[in-house]
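Report on the structure given below.
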Amino acid sequence: MTDPIYMDYGASTPLDPRVHAVMDDCMRNDFGNAGARVHSFGMKAAAHIDLAREQVADCIAAPKDSIVFTSGATESNNMALFGVLDYLRSIGKTHIVTTAVEHKSVLGPMAEIEKRGFTVSYVQPKPCGMVEGDMVAAAITPQTGFVSVQGLNNEVGTIQPLAEIRAVLPAGIIFHSDAAQAVGKMNFTLDQCGHPDLVTLSSHKIYGPKGMGALYIAPHIRAHIKPLLFGSMYEGGMRAGTVATELCAGFGQAAELVHIELADDLAKMEALRTLFLKKLKGTLPDLVINGHSDAAWRAANILNIRVPGITNEDLLAALPDLAFSPSSACNATRTGHISHVIRAMTGADQPARESIRLSFGRFTTEMEIVRAADMIINAMQTIQKMQGAA
Ligand code: PMP
């Protein structure tokens, strides 16, 4: 028996031991409620949260007070999308633009928002997964008040040209980006990415704890965003509920590590991806790579592939010791899985039934990549042989 290999960093990353150490210390020693700043226990907890806010803000080059901590990217996306609705209604803007390749935590709220009387346009991507500025511009109407475009696609790794998209938006439109997968996988700073007004962040995609995330809210639109949770005055009144000090401290440490180690992380992942592809391509002549082919526009840590005729369902069954995903974790089923992202990119169901996402990261070794490639080649060849014999 050999250990299974983890190739699902896109779903969640392992906790970095340095993050664990900070959380452990915080849990053992600083259990106070950060809202209770009237005594030293509360103040120590508040100090952790203050530091974390600074670390997360620095990671995307944002002002410290613009970060609101949440329970994760799903909540941040919901907060951005539902929080702005009353404001949009008040100025008579009832149209929203997003893309067909967003994560479900954007598409789900959009479906609900449509039920509440707004219209939503879903821009279809190019075959590489990219949505360009002129494609977004074509969807804008005089009623458009809000545009939401992800930073980096979680399934195929395509990077969206946010600065280009921002440049085509008429003044006054609120621009949101779900950067849950972008931070740590590219140089995602507000300046680099067209200064979105709202940015969604997640801790467990950058080696931090689960159940933790943040929403960056540009100071000039803060008054237009309503909280999802009302009650006590935590997070500057933007989110009621006692802040989870240890999760915050862990997220802060994880963000600081991204800030310090991004270049090294990216170089390592690019080398692993190159090795992975070289092994696969050398033996699988029909291999198709989903996503952008230019390294400047794709994540270094995601490889989304398919071989025509082999379904992801067959591969999941054939590869019990390889942890990978038929698309994103939130959509993963073991049978008959069709990715909405690949379907939008190709306009067909079959490629979406065949594609698999392999994602790796900071703790992946070359040996694991070589073993994983051998396992995939072996599984594909076995399936092809069985299909030939049938
Ligand atoms: N957005 C994207 C692009 C994601 O990949 C994910 C996680 N799969 C989420 C949002 C949701 O993140 P969380 O688990 O922090 O709620």
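For this chain, numbers begin at 1 and follow the sequence in order. Remember, it's 1-based here, ligands and their atoms both numbered in the order they're listed.
- Looking at Val106 and Leu81, their side chains come closer than 4.5 Å, going by heavy atoms from C-beta outward.
- Considering backbone and side-chain atoms alike, Gly72 places every N or O at 3.5 Å or more from each N or O of ligand 1.
- Checked against the 6.0 Å centroid criterion, the rings of Tyr6 and Phe360 do not qualify as a close aromatic pair.
- Classified by interplanar angle (parallel below 30°, tilted 30° to 60°, perpendicular above 60°), the ring pair Phe69/Phe251 is perpendicular.
- With respect to Asp24 and Arg28, a salt bridge is recorded, a charged nitrogen being found less than 4.0 Å from a carboxylate O.
- Near Gln181, meaning under 4.0 Å from any of its heavy atoms, are these atoms of ligand 1: 3 (C), 4 (C), 5 (O).
- Contact annotation for His204 and ligand 1: only side-chain heavy atoms (C-beta onward) come within less than 4.0 Å of the ligand.
- For the pair Arg239 and Tyr234, the NZ or CZ position fails the cation-pi test of under 6.0 Å to the six-membered ring centre and within 45 degrees of the ring normal.
- The existence of a salt bridge linking Arg353 and Glu313 is excluded, since no basic side-chain nitrogen approaches an acidic carboxylate oxygen closer than 4.0 Å.
- When the heavy atoms of Leu201, Asn154, Asp178 are ranked by distance to atom 2 (C) of ligand 1, first place goes to Asp178.
- In the candidate list Gly213, Ala182, Ser105, Gly211, Ser105 is nearest to atom 10 (C) of ligand 1, counting heavy atoms.
- Heavy-atom contacts of Ser202 reach the following atoms of ligand 1: 15 (O) (cutoff under 4.0 Å).
- Considering only non-hydrogen atoms, atom 4 (C) of ligand 1 lies nearest to His103 out of His103, Lys210, Met212.
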